[in-house]
Number of protein chains: 2
Amino acid sequence: MTQVQDMDNKLMFERSQCPITNGLDIFGDKWTLLIIRDLVLGKRRYQELISSPENIASNILAHRLKRLEVAGLVTRRAYQQKPERYEYVLTEKGKDLRPVLEAISRWGTKHYPGTSVFRAVGQG
Amino acid sequence: MTQVQDMDNKLMFERSQCPITNGLDIFGDKWTLLIIRDLVLGKRRYQELISSPENIASNILAHRLKRLEVAGLVTRRAYQQKPERYEYVLTEKGKDLRPVLEAISRWGTKHYPGTSVFRAVGQG
DNA sequence: GCAGTAACTTGCATCTTGCAAGACAGTAAA
DNA sequence: TTTACTGTCTTGCAAGATGCAAGTTACTGC
């Protein structure tokens, strides 16, 4: 498969030219879309993300946030100095995943009736 | 988190009651949605699935098909005897993931312009 | 000082993935 | 009847990812 690089130097088309494949190379795991769900719901800080009901491990959260930043879906920025503390916000590219989350959410609520609808912060 | 079992004995709500979480417990990896993509596109047999451009390893394909069958998204059935050969078809629950694939596909084609649109068999 | 808070990082055991090769049951060709 | 081939998996093993607990750094408040 041909390898191409975008302006951020990230390797693309590593597996194929399918848009789904390239999406899965970023968020194809058990955690990344949950982080994006939380960010869409308004969470911004490490502790807020850690405290979601799925209990993500801190090393995995750090790893995923880094990957999302490299992929351009998330921006990390300091919200205070002394001590420096950071928060994470979705870029447009990240926000554009909202329809994906909504589609998964609709599928989930249809086929797993006990699950609760994707809505405000704190609803997991 | 409480654990509940449905009629197929599959553990549910292992991580949370979020519909996204429960979806990701089935297809939250780099391969499963590609297999479902292929099945949506009309592929049915092991060799057809193996021959997709992403080059899935045969043990991973077998494992994912088994998981999809257990989760009720796919049905395995013999299409011939002597020797027995099987094909895989999506259930309604599996077909219902089509909007998810379409949403990911739209996101991918928007943000990775080199990728080609989700369409007929053989397009990877 | 001394505990507390927030954002990570490290160590280590276990689980999952990926690649190659092999198993098994037939069919077709030489 | 031996040899090759097809198709659906299975096995072995190395490498990488995950999960849990604990540690680090840089402050703030008491």
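As the structure is a prediction and not an experimental result, all values here were calculated from the model. Convention: sequence-line order gives letters A, B, ...; per-chain numbering from 1.
- Residue B/Y79 places at least one side-chain N or O closer than 4.0 Å to OP1 or OP2 of D/dT8.
- Residue A/Y86 is in sugar-phosphate contact alone, with no base atom involved, counting any heavy-atom pair closer than 4.0 Å across all strands shown.
- Listed by chain and residue number, B/D29 satisfy the salt bridge (charged side-chain N to carboxylate O under 4.0 Å, His left out) test with B/R67 (two or more places apart in sequence, or in another chain).
- Between A/Y88 and C/dC8 there is a side-chain polar atom (N or O) within less than 4.0 angstrom of OP1 or OP2.
- Phosphate proximity of C/dT9 to A/K66: present, with a side-chain N or O under 4.0 Å from OP1 or OP2.
- One atom, CD of B/E87, and another, C1' of D/dT8, lie 13 Å apart when rounded to the nearest Å.
- Looking at heavy atoms from C-beta onward, B/L49 lies out of side-chain contact with B/R45 at the 4.5 angstrom threshold.
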Taking only distance into account, with no hydrogens and no angle test, what donor-acceptor pairs under 3.5 Å do side-chain atoms of residues 75-83 of chain B form with protein atoms, sequence neighbours excluded?
residue: B/R77; atom: NE; partner: B/E87; partner atom: OE2; Å: 3.2
residue: B/R77; atom: NH2; partner: B/E87; partner atom: OE2; Å: 3.4
residue: B/Q80; atom: NE2; partner: B/P83; partner atom: O; Å: 3.0

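- At whole-Å resolution of the value, CG in A/L34 and P in D/dG19 are 11 Å apart.
- Whole-Å rounding puts the B/L61 CG to D/dC9 P distance at 9 Å.
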Before giving the answer on salt bridge (charged side-chain N to carboxylate O under 4.0 Å, His left out), spell out for B/K95 and B/E92 the whole-Å C-alpha distance, their side-chain angles and the decisive distance to 0.1 Å. CA-CA 5 Å; B/K95 287 181 197 163; B/E92 282 306 308; 3.5 Å; yes
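- Within the structure, no pair that satisfies the ring-ring contact (aromatic ring centres under 6.0 Å, His included) test touches residues 33-53 of chain B, not counting sequence neighbours.
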Going 5' to 3' through nucleotides 11-22 of chain C and flagging B where a protein heavy-atom sits under 4.0 Å of the base, S where only the sugar-phosphate is that close, and - otherwise, we get B-----SBB-B-
Do any N or O atoms of the protein come closer than 3.5 Å to N or O atoms of nucleotides 26-30 of chain D, and which pairs are they?
residue: D/dC27; atom: O3'; partner: A/K82; partner atom: O; Å: 3.4
residue: D/dT28; atom: OP1; partner: A/K82; partner atom: O; Å: 3.3

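- Rounded to an integer number of Å, the gap from CZ of B/R44 to C1' of D/dT8 is 17 Å.
- Contacts of A/F27 classified as ring-ring contact (aromatic ring centres under 6.0 Å, His included), with partners at least two apart in sequence or in another chain: B/W107.
- Atom C1' of nucleotide C/dC8 and atom CD1 of A/I56 are separated by 13 Å, given to the nearest angstrom.
- Residues B/H111 and A/P19 have side chains not in contact (no heavy-atom distance under 4.5 Å, counting atoms from C-beta outward).
- If you chain together hydrophobic residues whose side chains sit under 4.5 Å apart, B/L68 and B/Y86 never meet in one group.
- The phosphate of D/dC9 (OP1 or OP2) has a side-chain N or O of B/R76 nearer than 4.0 angstrom.
- In this structure, B/Y46 atom OH and C/dA23 atom C1' are separated by 13 Å, rounded to whole Å.
- Proximity of A/E48 to A/D38: side-chain heavy atoms (C-beta onward) are nowhere separated by under 4.5 Å.
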